Amino acid sequence: MSSSPASLPRLDGRTILVTGANAGIGYWCAEILAAHGARVLLGCRSAERAEIAVSSIRTQVPGADLGILPLDLGSLGSIASAAAALDERLDAVICNAGVKAADRGVRTADGLDLMVGTNALGHFALLAQLAPALADDARVVAVGSLAHRFAEIDPATLAQPWTGASLRQYGRSKAALMALTFELTRRWKGSARSALCAHPGYAVDPLTPPREGLAPVSAVARALASLSRPLVQGKDAGAAPIVHAAVAADATGGDYWGPGGLLEFRGAPTRVRASEQVRSAAVGADLWSVAEELTGVRFAV
Ligand SMILES: NC(=O)c1ccc[n+]([C@@H]2O[C@H](COP(=O)([O-])OP(=O)(O)OC[C@H]3O[C@@H](n4cnc5c(N)ncnc54)[C@H](OP(=O)(O)O)[C@@H]3O)[C@@H](O)[C@H]2O)c1
């Protein structure tokens, strides 16, 4: 089946929260969803950057129904405030915000490893506190990464700042987010709610259509990047598997969606393989307890 955004259903009457929606893939998720009629809440830590994104989406999608939810996923206090401020029902949440590069030893406001704390535990704490606002048939989509396959999840050392190779630091944060999401799938079994993972492949700004005020790229950089188009893709295309997981009729709980091309770097959305570790029920259950302990937030399901 074609999975181009044009093939997505109309989403009028549905409200979708996208974290990190002011830039990159999160921005494109928001623009695509708004173009299909959804009300989109942009969960962002900078009001200024969020307003720029809103203005850009409104230029592309006149009359787009948008809201901003102030949200810093690196701060448990900010997450709690965001959940408390939300006063509408959510049909889907896309856990997209992510730190991809960090100096060693950097921690969140709460002393957690910056990547694990933001990418995985921040979203865990957010979902736990948003749960009462989720529709009975809500979908949660976690943005994973190919890098999850290069990482080992060790719940016992999850909170500690990473000291090894940076790809594994990033990978363990994404593996943890994915394992928690697949655990949520298991815990929601029997309900109409579903939790899925998706990844954008290899998605870069220079191959992404320009948007006023977002990630400026010089003409030279665009020209050079165009040579890489057979291998990688823009962030607009990277958003496609994530949006697909969030709203397409053929996506269901426990799925993992990504680009179907060579090495899963680019291409139309398809189901892809997640590592055994992130799918392990034992790892998921262990991680869930550790996540509750580290965030101090109980996620009752
Ligand atoms: N691009 C790829 O090839 C690729 C591949 C695999 C997975 N991913 C994943 O896809 C997601 C988006 O990546 P991207 O390439 O679009 O990255 P990006 O352009 O750097 O955008 C990241 C977004 O996350 C937000 N963010 C970061 N820390 C945050 C925090 N503490 N609180 C709230 N928002 C925060 C950023 O907001 P600010 O503007 O405030 O920093 C920004 O909106 C990430 O989860 C990434 O790990 C990307």
Side-chain angles (χ1 to χ4, degrees), residues 17-31 41-54 56 68-79 81-82 94-102 106-110 112-123 125-126 141-151 166-167 169-178 181 197-208 211 213-217 225 228 231-243 245 256-259 263-267 272:
L17 169 65
V18 183
T19 70
N22 61 282
I25 292 156
Y27 169 84
W28 283 95
C29 289
E31 186 183 304
L41 298 182
L42 292 83
C44 303
R45 61 179 162 179
S46 156
E48 192 187 341
R49 289 192 289 277
E51 289 293 355
I52 291 170
V54 163
S56 173
I68 294 172
L69 185 66
L71 171 65
D72 181 349
L73 284 151
S75 158
L76 292 168
S78 167
I79 291 166
S81 301
I94 296 180
C95 300
N96 161 81
V99 180
K100 290 182 290 187
V106 182
R107 297 180 188 237
T108 65
D110 308 287
L112 301 167
D113 172 84
L114 184 68
M115 285 193 191
V116 168
T118 307
N119 303 356
L121 298 176
H123 281 119
L126 179 69
V141 176
V143 178
S145 166
L146 287 165
H148 86 273
R149 294 192 195 137
F150 308 113
S166 63
L167 183 63
Q169 176 184 23
Y170 172 66
R172 85 167 171 158
S173 74
K174 286 292 168 177
L177 175 63
M178 291 173 66
T181 305
C197 294
H199 81 85
Y202 196 146
V204 299
D205 287 314
L207 292 179
T208 308
R211 289 291 182 263
L214 271 78
V217 179
S228 65
L231 289 176
V232 302
Q233 59 187 358
K235 293 194 175 180
D236 52 331
I242 296 153
V243 170
Y256 181 35
W257 288 81
L263 301 174
E264 297 173 27
F265 278 8
R266 57 169 289 131
V272 292

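Sequential numbering from 1 along the given sequence is applied to the chain's residues. Because the structure is predicted, anything quoted here is derived from the model rather than measured. Just so you know, ligand 1 is whichever comes first in the structure, and atom 1 is the first atom listed for that ligand.
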Could you check [atom] against the protein and tell me its nearest heavy-atom contact, residue, atom and distance included?
atom	answer
atom 13 (O) of ligand 1	I25 CD1, 3.8 Å
atom 32 (N) of ligand 1	L73 N, 2.9 Å
atom 44 (C) of ligand 1	N96 O, 3.2 Å
atom 10 (O) of ligand 1	V143 CG1, 3.4 Å
atom 4 (C) of ligand 1	P200 CG, 3.5 Å
atom 5 (C) of ligand 1	G201 O, 3.2 Å
atom 22 (C) of ligand 1	G98 O, 3.9 Å

By number and element, which atoms of ligand 1 are closer than 4.0 Å to a non-hydrogen atom of [X]?
X	value
G24	16 (O), 19 (O)
K174	44 (C), 45 (O), 46 (C), 47 (O)
A23	42 (C), 43 (O)
G74	31 (N)

Got a second to check how far [X]'s [atom1] is from [Y]'s [atom2], nearest 0.5 Å?
X	Y	atom1	atom2	result
S78	L73	OG	CG	7.5 Å
Q233	L207	CD	CG	9.0 Å
I242	C95	CD1	SG	11.0 Å
D205	K235	CG	NZ	4.0 Å
I52	Y27	CD1	OH	11.5 Å
I79	T19	CD1	OG1	10.0 Å

task: Could you tell me if any non-hydrogen atom of G122 lies under 4.0 Å from any atom of ligand 1?
output: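 False for this residue.
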- prompt: Once the angle between the rings of H199 and Y256 is folded into 0 to 90°, is it parallel (under 30°), tilted (30 to 60°) or perpendicular (over 60°)?
  reply: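 H199 and Y256: tilted rings.
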Looking only at distances, can you tell me whether any N or O atom of [X], backbone or side chain, sits closer than 3.5 Å to an N or O atom of ligand 1?
X	result
G144	no
A21	no
L146	no
S145	no

Do [X] and [Y] have side chains that approach each other closer than 4.5 Å (heavy atoms only, starting at C-beta)?
X	Y	value
I94	V143	yes
Y170	N119	yes
V141	W257	no

Could you report the tightest heavy-atom contact between [X] and [Y], atom names first, then the distance?
X	Y	result
A23	L214	CA-CD2, 4.4 Å
C44	A21	SG-N, 3.9 Å
S173	A120	O-CB, 3.5 Å

Would you tell me which option among [options] has the nearest heavy-atom contact to [atom]?
atom	options	value
atom 8 (N) of ligand 1	Y202, Y170, F265	Y170
atom 1 (N) of ligand 1	A203, G117, G20	A203
atom 30 (C) of ligand 1	I242, D72, L71, N22	D72
atom 15 (O) of ligand 1	E48, K100, R45	K100

task: Indicate, as side chain, backbone, both or neither, the part of K235 found under 4.0 angstrom from ligand 1 when only non-hydrogen atoms are considered.
output: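 The part of K235 near ligand 1 is the side chain, not the backbone.
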query: Relative to ligand 1, is A97 under 4.0 angstrom through side chain, backbone, both or neither, heavy atoms considered?
result: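 Within the 4.0 Å criterion, A97 contacts ligand 1 through backbone and side-chain atoms alike.
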